[in-house]
Chemist: 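My questions will all concern the structure given below.
Letters A, B, ... are given to chains in the order of the sequence lines, protein chains preceding strands, and every chain is numbered from 1.
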Amino acid sequence: MIEMDDVFFERVYEQVRRVPAGSVCTYGTIAELAGYPKASREVGFAMSRVQRGWNLPCHRIVNAKGTLAPTYAFGGHRVQRQLLEEEGVTFVDDETIDMARHRWPPLDEPSGPEQLALPLG
DNA sequence: CAGCTGACCATAC
DNA sequence: AGTATGGCCAGCT
């Protein structure tokens with residue numbers, strides 16, 4: 001049984017809880033938000049220790065490409081995909097999330113050329 | 001203390 | 001396209 005007293009786990013889970021429904025977040029981003037910018041792998045490890053009663057939306061955490069967790073995590077990609085689609089997450093592939101639409105937190109970099117070229121009206 | 005592992009990430013070929 | 005490799009770091013043996 002994993003103790004929630006572990007600082008690393010506690011901080012990681014705290015960030016996972018912040019991910020809103022309908023959005024997803026990557027292991028690397030969770031690691032950054034938790035204060036461990038390079039510990040993305042450990043975030044994945046922390047996810048594997050998550051249990052049902054913890055109320056953690058671990059299905060909203062995916063890798064940088066947007067592909068879903070391995071089969072054993074949720075009993076198959078179908079299950080995780082079902083959970084995400086229920087929340088409004090769209091997919092570009094059977095097991096790949098549309099990261100551009102659903103990545104959280106949103107990237108509002110001013111260097112986005114499309115935002116400067118928005119047609120009026 | 002030392003070595004291995006992994007729900008990762010980026011790069012190179 | 002896919003496959004290999006190096007870096008990363010907390011947890012486990």
Chemist: Just how far, in rounded Å, is C1' of C:dG11 from CG of A:D6?
Modeler: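 In whole Å, C:dG11 C1' lies 9 Å from A:D6 CG.
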
Chemist: Find out whether A:W104 and A:R60 are in side-chain contact, i.e. whether some heavy atom of one side chain is under 4.5 Å from a heavy atom of the other.
Modeler: no

Chemist: Under a 4.0 Å heavy-atom cut-off, which of residues 62-92 of chain A touch DNA chain B?
Modeler: A:N63, A:A64, A:A69, A:P70, A:Y72, A:A73, A:F74

Chemist: Output the rounded distance in Å from CZ (A:F8) to C1' (C:dC12).
Modeler: 14 Å

Chemist: Whole Å only: how far is the CD atom of A:E10 from the P atom of C:dA10?
Modeler: 16 Å

Chemist: Please evaluate residues A:T90 and A:E85 with respect to the criterion side-chain contact (heavy atoms from CB on, under 4.5 Å), reporting the C-alpha separation (whole Å), side-chain torsions for both, the decisive distance (0.1 Å), and the verdict.
Modeler: CA-CA 6 Å; A:T90 57; A:E85 287 182 329; over 6 Å; no

Chemist: With distance as the sole test, does A:H102 use its side chain to make a donor-acceptor pair with the main-chain N or O of A:G22 at under 3.5 Å?
Modeler: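 Yes: the side chain of A:H102 pairs with the backbone of A:G22.
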
Chemist: Please pick, from C:dC8, B:dC9, C:dG11, the nucleotide with the shortest atom-to-atom distance to any side-chain atom of A:T26.
Modeler: B:dC9

Chemist: Take atom CD1 of A:I30 and atom P of C:dA10, then tell me their distance rounded to the nearest Å.
Modeler: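 Checked: the CD1 to P distance equals 17 Å.
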
Chemist: In this structure, how many angstroms lie between the P atom of B:dA10 and the OH atom of A:Y27, rounded?
Modeler: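 Rounded to whole Å, this separation is 14 Å.
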
Chemist: Sort out for me which residue in A:L84, A:V62, A:L83 forms a side chain to side chain contact (heavy atoms under 4.5 Å, CB included) with A:V89.
Modeler: A:L84

Chemist: Rounded to the nearest angstrom, tell me the gap between atom CD in A:Q15 and atom P in B:dA7.
Modeler: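 A:Q15 atom CD is separated from B:dA7 atom P by 22 Å.
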
Chemist: Show me, pair by pair, the donor-acceptor contacts under 3.5 angstrom made by side chains of residues 33-40 of chain A, not counting sequence neighbours?
Modeler:
none

Chemist: A:Q51 CD to B:dA7 C1': how many Å, rounded?
Modeler: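 These atoms are roughly 16 Å apart.
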
Chemist: Could you check how far CD of A:E32 sits from C1' of C:dA10, rounded to whole Å?
Modeler: 17 Å

Chemist: Would you say that A:M47 contacts A:V16 through its side chain, given a criterion of any heavy-atom pair below 4.5 Å between the two side chains?
Modeler: yes

Chemist: More 5' along DNA chain C: A:F45 or A:S40, using each one's nearest nucleotide?
Modeler: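 Checking each residue's closest nucleotide, the 5'-ward one belongs to A:S40.
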
